[in-house]
Amino acid sequence: MKIEFYERVFMVLSAILLVVGLLAVFGTVAFAGAHLPSPAGRIDPKKVRETAPFNQPGVTQTADGEYEVVIVAQTWSFVPGEINVKRGANGEAKVTFRAASPDVIHGFMIEHTRVNAMIIPGQITKVTATFDQPGEYLIICHEYCGIGHHGMYGRVVVE
Ligand code: CUA
């Protein structure tokens, strides 16, 4: 079978691109900690506001520089909207977020961190972020969730 020169060139380029793409995926998994969210439990979306811990959303300090945050993501806000944490003696604040939605799918992305998750009605989303710099970090809903989607954000304030 005869393969044209340019066809051969493009076949080689395509193969290189494929290998680079696969290496990028495996590289982020192996070296940058990319992973799928692990199952963190289920919840009846109609009863989110009555079910513990989501009946009392808020911030709990569990150790020096470690926090547990319970969030209700609803149309169109995060409750609580502002999360205040202090860095511990090691200079880091390790924050574990547990979030649920009583209505539709919301996004849960925190700028300058690796947190990028979905909050799906019926599922509990659990993600952990480590903050080693003080400042304000926006929490952004990056799944379209209705007419107020663009105004759905919160913040983490790290001291
Ligand atoms: Cu909630 Cu977009």
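The basis for the numbers below is simple: all heavy atoms, side chains too, and nothing from hydrogens, waters or symmetry mates. Just so you know, ligand 1 is whichever comes first in the structure, and atom 1 is the first atom listed for that ligand.
Among the backbone and side-chain atoms of His142, none of the N, O or S atoms lies under 2.8 Å from atom 2 (Cu) of ligand 1. For atom 1 (Cu) of ligand 1, the N/O/S atoms of Cys145 include one lying under 2.8 Å. For a distance bound of 2.8 Å, the N, O or S atoms of Thr75 include none lying that close to atom 1 (Cu) of ligand 1.
Hydrophobic clustering (side-chain heavy atoms under 4.5 Å, transitive across Ile, Leu, Val, Met, Phe, Trp, Tyr) keeps Ile140 apart from Ile71. Linking ILVMFWY side-chain heavy atoms closer than 4.5 Å, directly or via other members, places Val115 and Val156 in a single hydrophobic cluster.
Geometry note: atom 1 (Cu) of ligand 1 is the vertex, Cys141 SG and Met152 SD are the arms, and the angle is 110° (rounded to 10 degrees).
If you look at His149 and ask which of its N, O or S atoms sits nearest atom 2 (Cu) of ligand 1, the answer is ND1. Shortest distance from atom 2 (Cu) of ligand 1 to Glu143 is reached at O (N/O/S atoms only). Closest to atom 1 (Cu) of ligand 1 among the N, O or S atoms of His106 is ND1.
In this structure, Leu13 CG and Leu18 CG are separated by 12.5 Å, a value rounded to the nearest 0.5 Å. Annotation: the span from Tyr137 atom OH to Thr113 atom OG1 amounts to 9.0 Å, rounded to 0.5 Å.
For Phe97 and Phe108, the ring centers sit closer than 6.0 Å to each other.
Arg87 and Gln133 are not linked by any side-chain donor-acceptor pair at a separation below 3.5 angstrom, with hydrogens and angles left out of the test.
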